[in-house]
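To start, the structure under review is shown below, and the notes come after it.
All ligand and atom numbering here is 1-based and tracks the order in the structure.
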Amino acid sequence: MKAHIALLAGDGIGPEVTAEAVRCLEVIARQHGHDFQFESALVGAIAIDTTGAPLPDPTLDLVKRSDAILFGAIGTPKYADPTLKVRPEQGLLKLRQELGLYANLRPVTCFDALVDVSPLKAELLDGVDILVIRELTGGIYFGEKTRTETTATDLCSYSVTEVARIVRLGATLARARRGKLTSVDKANVLETSRLWRSVTQQIMKDEFPDVALEHMYIDAAAMHLLRRPSDFDVVITENMFGDILTDEASMLPGSLGLCPSASLGSGTLGLYEPIHGSAPDIAGRGIANPYATILSAAMLLRHSLGLEAEARQVEAAVNRAIADGVRTADLKPSAAAASTREAGDAVVARL
Ligand code: IPM
Ligand code: MN
């Protein structure tokens, strides 16, 4: 198959980790007779420095004509001040909004060979396989904001349509997994959560009676995620809760460097990125962990290109590299840490 892939490497370690994912995709293309064309564009701090905007028009044009987007990371210390008017994060938020990428899939799986990396006890990690679906284009992130000298507000709003499409996606994916859906909200306090809960209840009752549904408050979910993580299958939640919960969940495998993501809309166009950030402290040193980005590339093969077998091949190669002890610095290596390149090489060799 032919595919046009937009490459938005961004800032910090973004270019280093996406380079390894591109190498893996190129190997897959060669092996299976696919034709993947990569086209790069600017986003984030580097885009602000070069053009003045975090998401320049040529980048938006490119992604709109692409089949999929491979994204690295955004942000540099220069833009760390959150009161700046123009910020790298705006590039990513605008991409999600402009492309209607409303569902953010964040799988959290533990690797047997890495149980020592997690801050949690090994016995808690047995059988952990969670898929968090974070609503990505609504809620408090995108509501009206006001500010005076003495007060500030951020509006959180959700519509039935915005909730319903997340519920249907979550339930459909749960059906193909262990058949359990946990909907996380704060319905004891928030009106948006009460809407979320009632829409979820109705759709599950009418359309997915075979999928087990459980509601959980966000505070309790944050606790249970650490206490009994293997009880979770598919989790659906709103934008901000999902942002927080998935950073917490990354400590189950033990490193943000192991957690991929896919941001999807109603078509096949998707944005694929590691959930870690630009890690400016280690940028340019060639030591960042590329596994999360390579696993994101596997999700790209699966969700945007429909290449399930190839996606599994990439995931299996990463699994084997990890099982064989190839560890970057974040994975507590006992001997010398693998560089970004060496970890990429290890995956390529196992493809
Ligand atoms: C994420 C990030 C973003 C978010 C930031 C960079 C805007 O934390 O993708 O989780 O909050 O969504
Ligand atoms: Mn986040």
Using a 4.0 Å cutoff against the non-hydrogen atoms of Arg96, which atoms of ligand 1 qualify? 1 (C), 4 (C), 9 (O), 12 (O)

Ser296 side chain to Thr293 side chain, donor-acceptor N/O pair below 3.5 angstrom: no

Ignoring hydrogens and angles, state whether a donor on the side chain of Asp11 or Thr76 is under 3.5 Å from an acceptor on the partner side chain. no

Counting heavy atoms only, which of Arg134, Arg87, Glu273, Glu89 is nearest atom 7 (C) of ligand 1? Glu89

Does ligand 1 have an atom under 4.0 Å from some heavy atom of Gln90? no

Write the atom name of the N, O or S atom in Asp243 that is nearest the Mn ion (ligand 2). OD1

Ligand 1 N/O within reach of Arg106 N/O, cut-off under 3.5 Å: yes

Kindly say whether Leu136 contributes a backbone atom to a donor-acceptor pair with the side chain of Asn104 at under 3.5 angstrom? no

Under 4.0 Å, heavy atoms only, figure out whether ligand 1 is touched by the backbone of Met240, its side chain, both or neither. neither

Answer yes or no: is there a donor N or O on one side and an acceptor on the other, between the side chain of Ser118 and the main chain of Leu252, under 3.5 Å? yes

Sidechain-backbone polar pair: Glu98 side chain, Leu95 backbone, donor-acceptor under 3.5 Å: no

Using a 4.0 Å cutoff against the non-hydrogen atoms of Tyr141, which atoms of ligand 1 qualify? 4 (C), 11 (O), 12 (O)

Atom of Ser278, atom of Gly75 and distance for their closest heavy-atom approach: OG-O, 2.7 Å

Asp243: heavy atom below 4.0 Å from ligand 1, yes or no? yes

